Amino acid sequence: MSLVATIIIALLALIHVYILVLEMFLWDTPKGRKAFGLTPEFSAATKVLAANQGLYNGFLAAGLFWGLWLGAEGFAVKVFFLACILVAGLYGAATSSRKILFVQAVPATLGLIALWFSR
């Protein structure tokens, strides 16, 4: 696997760990509200839902780390989790915030391209 693909996938996994922390633990704090542009009332009312979203982002990160740990044999695992992130990023950009396109969908696409060329 190419170094570029490994770096992109690792960075994307770390981004999803960071999103997990923001959504599960910092959602109803000034840092969490600033990251997502939330009011104190909205963040308090949606804290449980955000924690659930954070858990899903953690699973995406875990899948990418698993694929990296498997090395070349983890090609399909990496493709699957990158595709999941791409779909989630496209859906989030269409329904929530265009920022998600650049945080999730574009890096996932770059990871898929780099992974494909590393074969």
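Everything numeric in this text was worked out from a predicted model, so none of it was measured. We use all heavy atoms of the structure for the numbers below, so side chains are in, but hydrogens, waters and symmetry mates are not.
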Same hydrophobic cluster for W69 and I9, using side-chain heavy-atom links shorter than 4.5 Å among ILVMFWY? yes
Quick one: does any side-chain atom of R33 pair with a main-chain N or O of D28 as donor and acceptor, under 3.5 Å? yes
Taking every heavy atom of S2 against every heavy atom of A114, the minimum-distance pair comes out as OG-O, 4.2 Å
Distance from L64 atom CG to I8 atom CD1, nearest 0.5 Å? 12.0 Å
Counting only heavy atoms from other residues, nucleotides and ligands, does the tally under 6.0 Å from OH of Y56 exceed 12? no
Give, for atom CZ of F65 and atom CG of L12, the distance between the pair rounded to the nearest 0.5 Å. 9.5 Å
Does G71 offer a backbone N or O that forms a donor-acceptor pair with the side chain of K78 under 3.5 Å? yes
Taking atom CD of Q104 and atom CG of L60, what is their separation to the nearest 0.5 Å? 7.5 Å
Could you see if F75 belongs to whatever hydrophobic cluster contains L110? Use Ile, Leu, Val, Met, Phe, Trp, Tyr and a side-chain cutoff under 4.5 Å. yes
Under the 3.5 angstrom rule, does the side chain of S97 hit a backbone N or O of A93 as a donor-acceptor pair? no
Taking C-beta and beyond as the side chain, do S118 and L115 meet within less than 4.5 Å on heavy atoms? yes
Distance (rounded to the nearest 0.5 Å) between K47 NZ and L26 CG: 10.0 Å
V77 to G63 - nearest heavy-atom pair and separation: CG1-O, 3.6 Å
Do W27 and L20 land in one hydrophobic cluster if side-chain heavy atoms of ILVMFWY residues count as linked below 4.5 Å? yes
How long is the gap from CD1 on I100 to OH on Y91, to the nearest 0.5 Å? 10.5 Å
Please report, to 0.1 Å, the donor-acceptor pairs under 3.5 Å made by any side chain of residues 79-89, with sequence neighbours excluded.
none

Verify same cluster id: V106, V4 (apolar side-chain graph, 4.5 Å): yes
For H16 and A61 the tightest heavy-atom approach is CB-CB, 3.9 Å
CG of N52 to CG of N57: how many Å apart, nearest 0.5 Å? 10.5 Å
Any side-chain heavy atom of L90 sitting closer than 4.5 Å to one from L101? yes
Output yes when a side-chain donor or acceptor of T46 lies under 3.5 Å from a complementary backbone atom of L49, and no otherwise. no
Quick check: is F59 connected to V103 through a chain of hydrophobic side chains (ILVMFWY, heavy atoms under 4.5 Å apart)? no
